[in-house]
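All remarks here apply to the structure that follows.
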Amino acid sequence: MDIQSDMPIQLPVAGESGRPANDARVHLLGLTSPDLRRWMGEAGHSPYRADQILEWIYRHGVDDFAKMTNLSKALRDWLSEHAVILKSTVTRMSASADGTRKLLLTWPDGRSIETVWIPDTDRNTACVSSQVGCPVGCRFCASGLTGVERDLTTGEIVEQAARVRNLIGPEARLNNIVFMGMGEPLANYDNVIAAIRILNAPWGLNIGARKFTVSTVGLPKQIRRLADEELQLNLALSLHAPSDDLRKELIPWAVPIEDLLSACEYYFEKTGREITLEYTLLGNVNDKPRHADKLAQIAGRLRANVNLLRYNPVAGLPFERPDAQTTLTFQERLRDRGVNAHTRRSRGDDIDAACGQLRRAALSAGGA
Ligand code: SF4
């Protein structure tokens with residue numbers, strides 16, 4: 001049975017998250033419905049109770065066994081002893097004037113990650129992390145500065161969405177999940193896919209597969225594997241540079257663009273889902289007309305949309321945000337070449353919106 005009990009703890013920081021670091025209770029958010037039924041059955045409880053528990057957790061947003069009023073007191077006590085719903089503690093939350101909220105979640109081992117809720121007129125998006133830190137180390141990114149500490153478990157990924165769902169409240173729905181937080185999701189492949197299946201399940205958060213976006217710097221083998229999952233996920237490729245030389249300078253994990261493109265073509269053939277190219281514009285680095293021309297060729301070959309993002313400067317890193325006119329000129333040049341290009345609105349500029357910045361601020365203040 002694939003139960004996600006707590007991982008061995010490397011650096012216990014007792015009390016930091018408000019829970020004992022060696023808490024070995026089963027994290028229910030990491031279990032599928034069949035796993036939970038089996039676990040309950042093996043412990044001598046009716047598997048039917050599993051359905052009721054899942055309903056409380058995912059339909060009603062309940063994170064306290066005491067509130068599961070259709071379960072017996074004995075079962076609720078047993079659950080409290082052997083299982084846990086939420087494992088993290090919200091150690092910081094910042095709210096932007098545009099409604100974006102950024103959470104710093106701390107796990108029982110003292111590790112912290114970031115999760116963002118981005119409300120919009122017609123949808124609520126959770127931007128979730130897949131690892132603590134990131135192994136890729138993109139030169140312009142705060143998350144990559146300190147490397148990766150560990151993968152997140154399935155339950156820890158699901159919990160981020162559950163936290164956002166609970167913040168939104170019952171009046172609206174969480175309907176969009178983007179894997180654009182800390183970490184390279186395809187480097188924690190199994191846990192990310194397991195979490196997506198839970199969030200997508202009718203007994204889970206029931207979020208449509210087409211409402212998930214997996215953003216990757218591009219691991220060709222994993223992109224092909226993702227294509228074979230028979231899930232209709234959106235794939236966003238963080239290109240950031242249209243040539244191998246420049247890309248290698250910016251992204252230590254860069255593979256030849258040709259390899260990436262053929263993996264993306266395979267993804268499109270298998271899933272029929274359009275690819276999005278993510279391109280962070282770095283002032284005077286990758287924002288020249290020649291870069292736009294090359295990017296247009298790549299987008300044309302993949303029939304991909306292009307999302308441009310103006311860089312959010314990170315203290316201590318030598319990259320600049322391009323001005324608005326340069327960004328517009330770059331976008332228009334792509335459009336003139338037939339590319340569906342948009343400049344993504346930066347959300348939460350006033351709250352250290354660039355990925356990894358809140359955690360970094362907390363780390364340097366000794367707070368997480
Ligand atoms: S930009 Fe993404 S892939 Fe690159 S270091 Fe940051 S989190 Fe990792």
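The model shown is predicted, which means the values in this text are computed figures rather than measured ones. Numbering of ligands and ligand atoms starts at 1, following listing order.
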Self-check item: Test of ring centre spacing under 6.0 Å for H45 and W78
Solution: yes
Quiz prompt | ring-ring contact (aromatic ring centres under 6.0 Å, His included) contacts touching residues 261-298 (sequence neighbours left out) | solution = Y279-F330
Quiz item: Can we say E229 and K270 salt-bridge, meaning some charged N sits less than 4.0 Å from an Asp/Glu carboxylate O?
Solution: no
Practice problem: Considering the heavy atoms of V217, write down every atom of ligand 1 situated less than 4.0 Å from one of them. | Solution: 3 (S)
Quiz item: What atoms of ligand 1 come within less than 4.0 Å of a heavy atom belonging to G183?
Solution: 7 (S)
Quiz item: With a cut-off of 4.0 Å, which atoms of ligand 1 are near a heavy atom of G137?
Solution: 5 (S)
Exercise. Please find out if less than 6.0 Å separates the ring center of W203 from that of W56.
Key: no
Quiz item: How about C134: does one of its N, O or S atoms come closer than 2.8 Å to atom 8 (Fe) of ligand 1?
Solution: yes
Exercise. State which residues pass ring-ring contact (aromatic ring centres under 6.0 Å, His included) with F140; sequence neighbours excluded, sorted by chain then number.
Key: H240
Quiz prompt | S215, P135, C138: member with heavy atom nearest to atom 5 (S) of ligand 1 | solution = C138
